[in-house]
Peer 1: 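A single structure is presented below for examination.
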Number of protein chains: 2
Amino acid sequence: MGFYENDEDAFLPLRDVVFKQLREEILYGKLKPGERLMEIALSERLGVSRTPVREGIRLLEKEGLVVMLPRRGARVASITAKQLEDVLEARRTLETFAANACCAKITKTRFEELKEANRKFSEAVDSRDLRQMADTDTAFHNIIIDTAGNEKVKELLVSLKEQIFRYKYEFMKEMDDPTRLVREHDQIIKAIGECRSDRAVEMIRMHIDSQAIAIYRKIK
Amino acid sequence: MGFYENDEDAFLPLRDVVFKQLREEILYGKLKPGERLMEIALSERLGVSRTPVREGIRLLEKEGLVVMLPRRGARVASITAKQLEDVLEARRTLETFAANACCAKITKTRFEELKEANRKFSEAVDSRDLRQMADTDTAFHNIIIDTAGNEKVKELLVSLKEQIFRYKYEFMKEMDDPTRLVREHDQIIKAIGECRSDRAVEMIRMHIDSQAIAIYRKIK
DNA sequence: TAGCGGCTCATTGTATACAATAAAAAAACC
DNA sequence: GGTTTTTTTATTGTATACAATGAGCCGCTA
């Protein structure tokens with residue numbers, strides 16, 4: 001690669017370095033949906049041979065970030081309205097499960113983390129730093145998912161969210177009142193704090209759906 | 001590979017042939033959990049070079065059938081009780097969602113397919129052919145999932161089921177009364193036919209849970 | 001004999017060369 | 001001039017050679 005993002009990467013297999021790099025570029029829009037990923041061009045740009053590039057691309061496919069056609073190479077995954085709906089529906093299903101489980105397992109410290117996470121999200125919203133907003137929002141949701149304690153569900157949700165991250169990112173750019181998200185988070189926190197799992201589930205559902213509708217509008 | 005399962009495979013990239021072959025061997029127990037997958041040995045056995053073997057193994061990793069450790073190669077995924085619980089919980093969450101959606105979208109022809117599928121499953125149970133039982137059971141559930149019409153959920157469920165297929169297979173071997181499964185299927189069909197989605201969801205949940213408990217017992 | 005250190009070997013990681021193929025361009029034909 | 005066929009070229013698929021590394025072995029030392 002010629003350079004390394006940080007020292008950790010120096011010990012990672014090159015395929016993972018390639019994976020991380022390309023993932024970053026896809027998620028934050030440098031590589032756009034539908035764009036071809038050509039092995040030779042990438043290996044030259046990244047300064048490695050084709051082998052780790054191929055393997056890195058396979059990892060991206062695993063995360064649903066690229067699609068491969070035999071003998072035709074890989075493209076950054078683009079998404080149809082139907083696929084977006086499907087992903088969001090799957091996400092909603094799993095994340096409402098997580099919210100429910102979270103209510104049963106929440107601890108005092110976890111609850112405080114949740115509040116702290118939303119505070120950070122609120123700051124990010126105030127700062128209008130898009131990247132920061134996206135990251136802190138993810139962190140907030142991840143606390144709920146972590147508390148639910150189901151590793152497989154977590155893994156699936158990470159993958160599902162990555163698949164629509166790019167669109168969410170674009171959508172946040174044009175959102176008129178992002179402070180609404182902060183208030184929605186607060187309501188979720190409140191429901192969890194009161195151990196009202198039905199309400200928490202409903203809040204999460206609404207929270208995801210409202211974003212879903214906005215993203216959906218943008219896609220079309 | 002030297003030979004081909006069928007003509008279709010002759011046109012597939014070798015990585016896919018390798019993937020299919022190894023997947024078969026893992027699912028039906030020829031390759032056992034924890035067993036190492038060594039690239040050179042496999043490439044010799046399958047008559048291809050290491051490259052497609054490596055890529056085939058990556059595909060297996062994507063399906064959760066093998067786990068890879070950097071510089072230590074790949075092993076057939078074995079599962080802890082906790083992981084099994086997590087997978088089953090995720091499956092239950094998504095499949096109850098599918099059952100619910102199925103009730104809303106079921107058509108007359110699909111309903112007939114469902115009944116036919118359970119008839120075939122019943123025959124398989126009578127014949128005591130384990131492989132047949134597993135396949136027809138999967139086919140039955142797949143009709144419900146297909147009818148739900150969410151491709152992403154389907155994809156996730158396929159992967160989740162594969163991860164526990166081997167254990168289910170082992171468990172079926174020692175099941176005392178497999179006809180119970182046929183009756184459970186019948187109840188699910190009935191609930192769907194009556195458009196009682198609450199009941200269908202509950203039936204699916206029970207159906208999965210009863211298997212879950214049995215598999216769980218076996219693992220421990 | 002227990003523990004340390006370096007050696008060997010098996011195995012994965014990476015690079016590269018060659019083969020196969022699909023898309024694009026050029027040529028031949030009507 | 002347009003259409004089909006051939007040729008070229010770009011790109012992926014596959015094989016293989018070499019490098020790097022981790023695991024186990026063996027002898028050394030105390």
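The basis for the numbers below is simple: all heavy atoms, side chains too, and nothing from hydrogens, waters or symmetry mates. Throughout, protein chains are lettered first and strands after them, A, B, ... in sequence-line order, and every chain is numbered starting at 1.
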Peer 1: Near DNA chain C, counting only heavy atoms under 4.0 Å, which residues of residues 34-41 of chain B show up?
Peer 2: B:R36, B:L37, B:M38, B:E39, B:I40
Peer 1: Would you tabulate the side-chain donor-acceptor contacts of residues 61-78 of chain A under 3.5 Å, counting partners in other chains and residues two or more places apart, or write 'none'?
Peer 2:
unit_1 : atom_1 : unit_2 : atom_2 : d
A:R75  : NH1    : A:G34  : O      : 2.9

Peer 1: Taking the ring of A:Y167 and the ring of A:F171, is the distance between their centroids below 6.0 Å?
Peer 2: no
Peer 1: What is the first contacted nucleotide of DNA chain D and what is the last, in 5' to 3' order, if contact means an atom lying under 4.0 angstrom from a heavy atom of chain A?
Peer 2: D:dT11 to D:dT14
Peer 1: Under 4.5 Å between any side-chain heavy atoms of B:M172 and B:P178, yes or no?
Peer 2: no
Peer 1: Got a donor-acceptor contact below 3.5 angstrom from the B:S122 side chain to the B:N118 backbone?
Peer 2: no
Peer 1: With no hydrogens and no angle check, is any side-chain donor or acceptor of B:N150 less than 3.5 Å from a backbone partner on A:D86?
Peer 2: yes
Peer 1: Can you pull out the residues from residues 66-74 of chain A that lie within a 4.0 Å heavy-atom distance of DNA chain C?
Peer 2: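 Here the set is A:R71, A:R72.
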Peer 1: Go through the steps to decide whether B:R119 and B:E116 satisfy the test salt bridge (charged side-chain N to carboxylate O under 4.0 Å, His left out), and finish with yes or no.
Peer 2: CA-CA 5 Å; B:R119 214 170 295 137; B:E116 176 61 19; 2.5 Å; yes
Peer 1: Expressed in angstrom and rounded to an integer, what is the separation of B:L12 atom CG from C:dA20 atom P?
Peer 2: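 Computing the B:L12:CG to C:dA20:P distance gives 18 Å.
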Peer 1: Going by number, which of residues 49-62 of chain A have a non-hydrogen atom under 4.0 Å from DNA chain C?
Peer 2: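 Of all residues in residues 49-62 of chain A, the ones placing a heavy atom under 4.0 Å from DNA chain C are A:S49, A:R50, A:T51, A:P52.
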Peer 1: Are B:D209 and B:R205 close enough that some pair of their side-chain heavy atoms sits under 4.5 Å apart?
Peer 2: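 When only atoms from C-beta onward are counted, B:R205 and B:D209 do touch, with a gap below 4.5 Å.
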Peer 1: Could you walk me through whether B:H141 and B:L157 pass the side-chain contact (heavy atoms from CB on, under 4.5 Å) test, one step at a time?
Peer 2: CA-CA 10 Å; B:H141 284 268; B:L157 278 171; over 6 Å; no
Peer 1: Taking ring-ring contact (aromatic ring centres under 6.0 Å, His included) as the test, write out the residues that go with B:F97, two or more places apart.
Peer 2: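 B:F97 satisfies ring-ring contact (aromatic ring centres under 6.0 Å, His included) with no other residue.
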Peer 1: Answer yes or no on whether B:R131 is positioned over the face of B:Y28, meaning its NZ or CZ is under 6.0 Å from the six-membered ring centre and within 45° of the axis.
Peer 2: yes
